[in-house]
Amino acid sequence: SNAFANANALNLSGLSGLKRVGVGSSSFRRAGTSNALHVRECPSLKSVVIGDDSFAGFGMIEIASVPVLEELQIGASCFAAASFELKGGV
């Protein structure tokens with residue numbers, strides 16, 4: 001919680017052993033329409049859980065090529081200004 005306040009991107013790509021992503025509340029709060037969360041090509045990823053008020057100012061969330069994803073939980077007030085994309089293999 002309350003982590004990475006000044007980060008403008010989180011890119012999780014090509015991590016074959018990644019099984020779970022958990023982001024606490026009020027994390028990644030830097031505002032900007034070009035700020036983005038990308039989760040791509042993580043073939044073992046089963047769970048993405050994002051706490052309330054995280055990524056609130058980010059402009060995009062992309063989740064792609066995560067074929068065994070079972071859980072996607074996004075808390076209140078997350079990605080308020082974002083476009084949201086789920087792409088094939090989800």
Side-chain angles (χ1 to χ4, degrees):
S1 295
N2 296 305
F4 303 103
N6 292 317
N8 61 5
L10 179 58
N11 186 8
L12 303 172
S13 298
L15 301 172
S16 61
L18 184 66
K19 294 183 181 183
R20 182 178 188 282
V21 173
V23 176
S25 61
S26 299
S27 298
F28 295 92
R29 304 263 311 150
R30 187 173 187 181
T33 56
S34 63
N35 296 356
L37 167 63
H38 298 282
V39 181
R40 301 181 277 231
E41 299 171 16
C42 297
S44 301
L45 185 63
K46 291 186 176 187
S47 175
V48 176
V49 177
I50 299 171
D52 294 343
D53 299 311
S54 291
F55 302 99
F58 273 45
M60 181 179 184
I61 174 175
E62 175 192 27
I63 298 175
S65 299
V66 288
V68 298
L69 187 67
E70 297 172 355
E71 177 185 28
L72 176 59
Q73 182 178 358
I74 299 175
S77 301
C78 296
F79 302 102
S83 63
F84 185 87
E85 297 180 32
L86 288 174
K87 295 183 179 179
V90 176

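Numbering starts at 1 and runs along the sequence shown. Keep in mind that the numbers below use all heavy atoms, side chains included, and drop hydrogens, waters and symmetry copies.
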Given the rule in the side-chain contact (heavy atoms from CB on, under 4.5 Å) test, do I61 and I74 qualify, once you have shown the distances and angles that lead to the verdict? CA-CA 11 Å; I61 174 175; I74 299 175; 4.2 Å; yes
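Residues F28 and L37 form no side-chain contact, since every pair of their non-hydrogen atoms from C-beta on lies 4.5 Å or further apart. Residues I50 and F55 form a side-chain contact, since some pair of their non-hydrogen atoms from C-beta on lies under 4.5 Å apart. In this structure, the side chains of L45 and I63 stay at 4.5 Å or more apart for every pair of heavy atoms.
Side chain of D52 to main chain of G75: no donor-acceptor pair is present (N/O by atom type, distance under 3.5 Å, no hydrogens or angles).
Sorted by first and then second residue, the pairs that involve residues 3-15 and meet side-chain hydrogen bond (donor to acceptor under 3.5 Å, both in side chains), not counting sequence neighbours, are N11-S13, N11-R40, S13-R40. Under the side-chain hydrogen bond (donor to acceptor under 3.5 Å, both in side chains) criterion, the residue pairs touching residues 14-30 are S1-S25, with sequence neighbours excluded.
The shortest non-hydrogen separation linking C78 to G51 is SG-O, 3.1 Å. Smallest separation of non-hydrogen atoms from S47 and V49: OG-CG2, 3.6 Å.
Between F58 and F79, the ring planes are perpendicular. Angles over 60° get that label, and only those under 30° would be called parallel.
The CD atom of E41 sits 10.0 Å away from atom CG of L15, with the distance rounded to the nearest 0.5 Å.
For E70, there are no side chain to side chain donor-acceptor pair (under 3.5 Å) partners, not counting sequence neighbours.
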